[in-house]
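In what follows, a single structure is set out as structure tokens and then discussed.
Index from 1, following the sequence.
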Amino acid sequence: PPRMEAIIRTGAEFPGVLAYIRSHKLLIGGFMASFALMSLAHYACLSWLSAYYMRRFQRTVPQTGLIAILILPCGGIIGSILGGLTGDRIKRRGTRGGRLNVALWSNILLLPALFGWLLSDWMPLSIFFGWMFMALAVAGLTAGPLALNELLPNELRGRMAAIYMLIIGL
């Protein structure tokens, strides 16, 4: 089809993607590294979730599983929806930085949520801050492909989004 020929002519094949990455090393490298580090910090905190509640609040393994259910999927779903809606609203306003602002502000707000989660002596408050941490982390990470789409030419967006997902998933 003619559409495929246009894509091939513009360099969206893998060598073209690599050439674009090489020519924009700082932009793409900084973007990917920052989101990879956000993902790493997020996974590191979540890997200690069960042990934290067992040690801090003397909960059993089944109880920490229920707590994890409250924090992980609920916070993740709400965070991805709110992150997308916020990014769309920022984009419609024409604010400089667009959807990248969602990642920036969610990570700024993530620190107080993290400290509240880990320093709270009352378990319901700790669960609330854990949920908030998860929602903000997911909002920031889901803003990545959307922000990447604003930075790249149309023909490279799909492949670069796949590379982004591969990097933050490692």
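If you chain together hydrophobic residues whose side chains sit under 4.5 Å apart, L110 and I108 never meet in one group. No continuous path of hydrophobic side-chain contacts links L46 to I77 [ILVMFWY only; heavy atoms under 4.5 Å]. Criterion: ILVMFWY side-chain heavy atoms under 4.5 Å apart, direct or through other members. Under it, L152 and M165 are part of a common hydrophobic cluster. No single ILVMFWY cluster, assembled from side-chain heavy atoms under 4.5 Å apart, contains both V102 and M38. Hydrophobic clustering (ILVMFWY, side-chain heavy atoms < 4.5 Å, transitive): I67 and V61 are in distinct clusters.
For S39, the side-chain hydrogen bond (donor to acceptor under 3.5 Å, both in side chains) test picks out no residue, with sequence neighbours left out. For R89, the salt bridge (Lys or Arg N to Asp or Glu O under 4.0 Å) test picks out no residue, with sequence neighbours left out. With sequence neighbours left out, the ring pair (Phe, Tyr, Trp, His ring centres under 6.0 Å) criterion links Y20 to H24. Residues satisfying the side-chain hydrogen bond (donor to acceptor under 3.5 Å, both in side chains) criterion with D88, sequence neighbours excluded, are R99.
Contacts classified as salt bridge (Lys or Arg N to Asp or Glu O under 4.0 Å) and involving residues 38-50 (residues at least two apart or in different chains) are not found. Residue pairs meeting the salt bridge (Lys or Arg N to Asp or Glu O under 4.0 Å) criterion with at least one partner in residues 121-149, sequence neighbours excluded, are R56-D121.
In this structure, CG in L37 is found 12.0 Å from CD1 in I168, a value given to the nearest 0.5 Å. To the nearest 0.5 Å, atom CD1 of residue I71 and atom CG of residue L66 are 11.5 Å apart. Between atom CE of residue M160 and atom CE of residue M32 there is a gap of 4.0 Å, rounded to the nearest 0.5 Å. Between the CD1 atom in I163 and the CD1 atom in I21 there is a gap of 4.0 Å [rounded to 0.5 Å]. To the nearest 0.5 angstrom, T86 atom OG1 is 11.0 Å from N101 atom CG. Interatomic distance, T64 OG1 to M54 CE, rounded to the nearest 0.5 Å: 5.0 Å.
Aromatic ring centres of F129 and F133 lie farther apart than the 6.0 Å criterion allows.
More than 12 non-hydrogen atoms from other residues, nucleotides or ligands lie less than 6.0 angstrom from OH of Y43.
Between A139 and T142, the shortest heavy-atom distance links the atoms O-OG1, 3.2 Å. When all heavy atoms are compared, the tightest approach of P145 to Y164 is CD-CE2, 3.2 Å. The nearest pair of heavy atoms linking C74 to I69 is SG-O, 3.8 Å. A pairwise comparison of heavy atoms in V138 and G76 identifies CG1-O, 3.4 Å as the closest pair. Closest approach of S120 and L125 over heavy atoms only: OG-CB, 3.4 Å. Closest approach of L118 to Y52, counting heavy atoms only: O-OH, 3.1 Å.
Aromatic ring orientation, F35 versus F31: tilted (interplanar angle from 30° to 60°).
Checking side-chain atoms of S47 against main-chain N and O of A44 turns up a donor-acceptor pair under 3.5 Å.
A heavy-atom distance below 4.5 Å is found between the side chains of M134 and H42.
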Q: Could you walk me through whether Y53 and M123 pass the side-chain contact (heavy atoms from CB on, under 4.5 Å) test, one step at a time?
A: CA-CA 9 Å; Y53 282 101; M123 195 172 74; 4.0 Å; yes

